[in-house]
Amino acid sequence: MNERRDILSPMLRSSDTRFRLIGLLPLAFLIAQTIHYWRFGGMGNLAWMCNVGNLLLALGLFLNHRELIRAAAIWTIPGLAVWFWYVWLNGSTAWSSTLAHVGGVIVGLWVLRRVRMDRTAWIYAFAWYLFMQVVSRLLTLPDLNVNVALRIQPGWERAFGSFWKFWLVMTIVVAVGLWVIGRVLLLIWPKTLAVKTEVEPIPSATMDDPLVTRGTKPKITDTSPL
């Protein structure tokens with residue numbers, strides 16, 4: 001039995017290492033986008049949720065941090081939708097952009113099959129959005145309007161009297177959207193139940209029973225938060 005455990009342990013560690021190395025893919029997507037913007041300008045565009053999300057996904061995989069992986073995976077879905085509507089349909093996209101968005105969602109959903117989804121993942125995704133709103137306002141140029149954090153999205157000026165009304169409504173819509181995406185992914189890949197085996201002594205009263213083996217008996221406890 002001990003020999004079997006000794007063999008199984010290196011195999012698990014090897015599998016975990018290979019899983020973490022998948023983080024090289026989203027990191028390569030981000031590097032490709034960085035090279036593109038370095039050559040043609042607009043480095044601030046790297047702060048868009050769909051671009052920087054590849055960095056978050058890579059970090060989550062390298063660190064084996066499930067919350068980061070889940071948050072990044074959630075954001076690949078609206079990121080792909082917005083990119084397809086505003087960039088792809090206009091025909092003004094580069095191969096690196098296609099790689100970052102399509103490749104990002106493929107990797108994100110593929111690794112999500114292993115880490116699974118939980119009920120609070122959308123909260124981490126929303127916190128990441130708020131953080132990037134601050135970063136976008138502080139570090140990017142107004143002309144780029146990265147993550148729509150600096151002015152009203154063109155075409156919506158008549159619907160809102162000020163940017164902050166627009167921002168508040170957009171933030172609520174984002175929160176609801178992330179919650180819905182999180183719930184759908186939870187239905188597809190629910191977090192598996194964690195089962196813990198505890199050792200519970202057999203009452204002394206039963207020790208006199210010849211049909212009961214002396215020793216201990218396992219107690220199964222559900223430790224899953226779901």
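- Between Pro26 and Val107, the closest heavy-atom pair is CD-CG1, 4.2 Å.
- A search for side-chain contact (heavy atoms from CB on, under 4.5 Å) contacts involving Asn64 returns Asp16, Phe19, Arg20, not counting sequence neighbours.
- When side chains are defined from C-beta on, Leu68 does not count as touching Trp128, because their heavy atoms never get closer than 4.5 Å.
- The aromatic rings of Phe84 and Trp88 sit parallel to each other, their planes meeting at less than 30°, with 60° as the upper class boundary.
- For the side-chain hydrogen bond (donor to acceptor under 3.5 Å, both in side chains) test, residues two or more places apart in sequence or in another chain that qualify with Trp167 are Gln133.
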Using the rule given for side-chain contact (heavy atoms from CB on, under 4.5 Å), can you reason through Thr34 versus Met43, listing the C-alpha separation, both sets of side-chain angles and the distance that settles it, and then say yes or no? CA-CA 7 Å; Thr34 302; Met43 288 291 288; 4.0 Å; yes
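- A distance-only check finds a donor-acceptor pair linking the side chain of Asn90 to the backbone of Tyr86 [under 3.5 Å].
- Closest approach of Val146 and Ser136 over heavy atoms only: O-CB, 3.5 Å.
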Check the pair Val102, Leu80 against side-chain contact (heavy atoms from CB on, under 4.5 Å), reporting the backbone distance first and the verdict last. CA-CA 7 Å; Val102 178; Leu80 178 66; 4.2 Å; yes
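- With Asn54 contributing its side chain and Leu30 its backbone, the two residues share no donor-acceptor pair below 3.5 Å.
- For the residue pair Phe166 and Trp156, the shortest heavy atom distance occurs at CE1-CB, 4.3 Å.
- Closest approach of Leu56 and Ala71 over heavy atoms only: CD2-CB, 4.3 Å.
- When the shell of 6.0 Å around CH2 of Trp164 is examined, it contains more than 12 heavy atoms from other residues, nucleotides or ligands.
- By the neighbour-count criterion of 12 heavy atoms within 6.0 Å, atom CH2 of Trp179 is sparsely surrounded, having that number or fewer from other residues, nucleotides or ligands.
- Between the Asn145 side chain and the Gln153 main chain, no donor and acceptor come within less than 3.5 Å of each other.
- For the side-chain contact (heavy atoms from CB on, under 4.5 Å) with His101, the lone residue among Thr76, Asn51, Ile106, Thr93 that qualifies is Asn51.
- Within 6.0 Å of the OH atom in Tyr124, the count of heavy atoms belonging to other residues, nucleotides or ligands does not exceed 12.
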May I have the step-by-step check of side-chain contact (heavy atoms from CB on, under 4.5 Å) for Tyr129 and Thr171, ending in yes or no? CA-CA 9 Å; Tyr129 165 78; Thr171 300; 4.0 Å; yes
What verdict does the side-chain contact (heavy atoms from CB on, under 4.5 Å) test give for Val111 and Arg114, after you've listed the backbone C-alpha separation in whole Å, the side-chain angles of each residue and the deciding distance to 0.1 Å? CA-CA 5 Å; Val111 299; Arg114 171 166 172 171; 5.8 Å; no
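- Between Ala149 and Arg137, the closest heavy-atom pair is O-NH1, 2.5 Å.
- The shortest side-chain heavy-atom distance between Ile188 and Arg113 does not fall under the 4.5 Å cut-off.
- Ala73 and Gly108 make their closest contact through CB-O, 3.6 Å (heavy atoms, listed as atom of the first residue, atom of the second, distance).
- The shortest distance between side-chain heavy atoms of Ile181 and Pro78 falls below 4.5 Å.
- Panel note: side chain Arg70, backbone Val115; a donor-acceptor pair is recorded below 3.5 Å.
- Residues Trp75 and Leu63 do not share a hydrophobic cluster, defined by chaining ILVMFWY side chains whose heavy atoms lie under 4.5 Å apart.
- A donor-acceptor pair shorter than 3.5 Å can be found between the side chains of Asn45 and Trp48.
- For the pair Ile77 and Leu109, the minimum side-chain heavy-atom distance is below 4.5 Å.
- Residues that satisfy the side-chain contact (heavy atoms from CB on, under 4.5 Å) test with Phe62, not counting sequence neighbours, are Leu24, Leu27, Ala58.
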